[in-house]
Amino acid sequence: MYVQVAPSILAADFANLGRAVQHVTTDGADLIHADVMDGHFVPNLTFGAPVIASLKSYTQAPIDAHLMVSEPDRMLESVRAAGASIITVHAEACTHLQRTLADIRALGAEAGVALNPATPETVLDYIMDDFDLVLVMTVNPGFGGQSFIPAMLHKISTVRKKLNERGHRAVRIEVDGGINPVTAAACVKAGASILVAGSFVFGSENPAEAIRQLRGK
Ligand code: DX5
Ligand code: ZN
């Protein structure tokens, strides 16, 4: 499976986001990972649909919106209208997760389910036909620059096995938090194929090389 790299703009200079997105696209980013935080579901506040809409003119890469918000249903339409191709919601934030995922697909976006480190993958068992990707959080969401939690490798391989057994080989697993070439290789081995990386890409002197290193080539 082709491994995609999704730089997280959380680690970019917020005063120069357009330029950051433009550069990282030229440097080989497959997706642009946009971390929407509401200061409630997570203890940090970032940006919403208007910023995503502004970024669209700086990149051809699809935008991967990661909604770390308490009531994601309220912003699905605006995030989609802003140009996000993938919309991922947290299982922990959705009372009616199956409906929320159906709503995302009805808007024409790919639907993702994110799982916090403490959330078991069994929440997916009865909604296996309703999402296009699973985002396994490899840190507790809210901040960049945290350390990868090794126990998540078992969750990744369990999700991969479950998907394959149920005939969902095309459903991708995305990993987010503490991703560097070492943790990326372990995640890919366990079954992930989308790697989100904030500090490793934006903190690098050579982001193009950092993206190649993450892909393992
Ligand atoms: C964390 C965010 C991540 C974050 C990753 O809550 O969802 O996307 O930017 O940052 P790094 O790669 O620095 O761990
Ligand atoms: Zn994220």
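Both counts, for ligands and for their atoms, begin at 1 and track the order of listing. Since the structure is predicted, the reported quantities are computational estimates derived from the model, not experimental observations. Only heavy atoms go into these numbers, but all of them, side chains included; no hydrogens, no water, no symmetry mates.
Inspection of the Thr122 and Asp125 side chains reveals no N or O donor paired with an N or O acceptor under 3.5 Å. Counting only N and O atoms by type, the side chains of Asp73 and Thr100 include a donor and acceptor under 3.5 Å apart. Under the 3.5 Å distance criterion, with hydrogens and angles disregarded, no donor-acceptor pair is assigned to the side chains of Thr88 and His66.
For atom 5 (C) of ligand 1, the closest non-hydrogen atom on the protein side is Asp176 OD1, 3.5 Å. Counting protein heavy atoms only, atom 12 (O) of ligand 1 is closest to Gly198 N, 2.8 Å.
The Zn ion (ligand 2) lies closest to atom ND1 when only the N/O/S atoms of His66 are considered.
When the side chains of ILVMFWY residues are joined at heavy-atom separations under 4.5 Å, either directly or via intervening members, Met68 and Ile149 end up in a single hydrophobic cluster.
Backbone and side-chain nitrogen or oxygen atoms of Met68 are examined, and none is located within less than 3.5 angstrom of a nitrogen or oxygen of ligand 1.
At a heavy-atom distance under 4.0 Å, only side-chain atoms of Ser8, from C-beta outward, approach ligand 1. No part of Phe200 comes within 4.0 Å of ligand 1, judged by heavy-atom distances.
Angle OD2 (Asp176) to the Zn ion (ligand 2) to OD1 (Asp35): 170°, rounded to 10°.
Using a cutoff of 4.0 Å between basic side-chain nitrogens and carboxylate oxygens, Lys162 and Glu165 are not scored as salt-bridged.
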